[in-house]
Amino acid sequence: TVDMSNKPDWLLAANPKGAVPVLKLPSGQYLADSGAICELLEEGFPSPSLKAQDEADMSVAAGVFGSMARYYKNKHAEDEATTKADLLGSLDEIESHLARKGGDGPFFGGAHFNARDCQFAPQLHIMSVIIPDVKGFDPIEGRRALEKYRNAMYEVKAFKDSVVRDEIIKT
C-alpha cells in the first residue's frame, strides 16, 4: 500500500508523476502503464484470462478519464457546458455499451473483471469522488448500467483492497 499523500522516493523514482500502479520487473526496471501491466500479467498468468473478448470493450471508455479531468479542472465559465457535455457524452457511450451487454454481468468482462475493467474501475472510482466534490453532482446517477457496475466493482476483493481512499483523491 502506498500513502498517496506522502509518496515514497522509490515511487517517484519509478514514475516521476508519482502515479500508481507501478510494477517492478525482475530486471529492476519499473512498468507504470496499467495497460502494459495487464498485458504482462496476461502473458504470465493466462487463466483466467483478463483479455477482453469484445474488442469494443477496450475502446469504448478510452477517453472518459481525459474528459473527466478537463471538466473538473475547468476554471472558465465559458467552457463549463462544453466540458460537462463531453464527460456526459462519454458516460452515455459507456452506459449504452454496458446496457447492450445485458445479462452477461455488470462488467466489461461480463461477470468477471477483464483488462478493461482493471483500467476503468479505478477511473470510475476517482470520478465518483471528484465530480461530486468539485462540481456538486454525481455523473453516474441515473445511468443504470454504470450504477450497477460501480456497485459491483466495490464488491470485487482485489479492487476493494487496492482502491485509493477518498480523502487522498480529494487532495
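Quick note: numbers below take in every heavy atom, side chains included, and nothing from hydrogens, waters or symmetry partners.
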**Residue pairs passing the salt bridge (Lys or Arg N to Asp or Glu O under 4.0 Å) test where at least one lies in residues 5-25, sequence neighbours excluded** =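 Found none.
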
Taking every non-hydrogen atom, the tightest pair across [X] and [Y]:
X	Y	value
Ala14	Tyr30	CB-CG, 3.2 Å
Pro106	Leu98	O-CD2, 3.8 Å
Ala158	Ser162	O-OG, 2.8 Å
Asp86	Ser67	O-OG, 4.0 Å
Ile94	Val60	CG1-O, 4.0 Å

Under a 4.5 Å cut-off applied to non-hydrogen side-chain atoms, are [X] and [Y] in contact?
X	Y	result
Arg143	Asp92	yes
Val64	Leu91	yes
Glu141	Glu147	yes

**Message:** I'd like to know whether NZ of Lys73 has more than 12 heavy-atom contacts from other residues, nucleotides or ligands below 6.0 angstrom.
**Reply:**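 Incorrect, the count does not exceed 12.
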
**Message:** List the residues meeting salt bridge (charged side-chain N to carboxylate O under 4.0 Å, His left out) with Lys75, not counting sequence neighbours, and say none if there are none.
**Reply:**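 Lys75: no salt bridge (charged side-chain N to carboxylate O under 4.0 Å, His left out) contacts found.
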
**Asked** Who pairs with Glu167 by salt bridge (charged side-chain N to carboxylate O under 4.0 Å, His left out), at least two apart in sequence or on another chain?
**Response**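 For Glu167 the salt bridge (charged side-chain N to carboxylate O under 4.0 Å, His left out) partners, ignoring immediate neighbours, are Arg165.
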
**Residue list, ring-ring contact (aromatic ring centres under 6.0 Å, His included) with Tyr154, at least two apart or on another chain** =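 His125, Phe159.
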
**Phe113: ring-ring contact (aromatic ring centres under 6.0 Å, His included) partners, not counting sequence neighbours** =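 Residues passing ring-ring contact (aromatic ring centres under 6.0 Å, His included) with Phe113: Phe107.
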
**Prompt:** Is Leu12 linked to Leu25 within one hydrophobic cluster, defined over Ile, Leu, Val, Met, Phe, Trp and Tyr using a side-chain heavy-atom separation of less than 4.5 Å?
**Reply:**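 No: no chain of side-chain contacts under 4.5 Å links Leu12 to Leu25.
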
**Asked** Any link between Ile168 and Tyr72 through a network of hydrophobic side chains (Ile, Leu, Val, Met, Phe, Trp, Tyr) touching at under 4.5 Å?
**Response**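 The answer is yes; both residues are in one hydrophobic cluster.
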
For residues 126-139, please give each side-chain donor-acceptor pair under 3.5 Å, one per line with the distance, not counting sequence neighbours.
unit_1: Ser128; atom_1: OG; unit_2: Leu124; atom_2: O; d: 2.8
unit_1: Ser128; atom_1: OG; unit_2: Arg150; atom_2: NH1; d: 3.0
unit_1: Lys135; atom_1: NZ; unit_2: Tyr71; atom_2: O; d: 3.3
unit_1: Lys135; atom_1: NZ; unit_2: Glu80; atom_2: OE1; d: 3.0
unit_1: Lys135; atom_1: NZ; unit_2: Glu80; atom_2: OE2; d: 3.0
unit_1: Asp138; atom_1: OD1; unit_2: Ile140; atom_2: N; d: 3.0
unit_1: Asp138; atom_1: OD1; unit_2: Arg150; atom_2: NH1; d: 3.2
unit_1: Asp138; atom_1: OD2; unit_2: Arg150; atom_2: NH1; d: 3.3
unit_1: Asp138; atom_1: OD2; unit_2: Arg150; atom_2: NH2; d: 2.8

**Prompt:** Salt-bridged, Arg70 to Asp79, with N to O below 4.0 Å?
**Reply:**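 No, this pair does not count.
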
**Request:** Give a yes or no on whether the backbone of Phe65 and the side-chain of Gln123 come within a donor-acceptor separation of less than 3.5 Å.
**Result:**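 Flag not set: sc Gln123 to bb Phe65 has no pair under 3.5 Å.
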
**Asked** Asp117 side chain to Asn114 main-chain N or O, any donor-acceptor pair under 3.5 Å?
**Response**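 Indeed, once roles are kept as given, a pair shorter than 3.5 Å links the two residues.
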
**Request:** Test side chain to side chain contact (heavy atoms under 4.5 Å, CB included) on Arg144 and Glu95 and set out the steps.
**Result:** CA-CA 8 Å; Arg144 292 181 55 193; Glu95 173 72 15; 4.2 Å; yes

**Message:** Return the CG to CG distance between Leu23 and Leu31, rounded to the nearest 0.5 Å.
**Reply:**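 If I round to the nearest 0.5 Å, the distance is 6.0 Å.
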
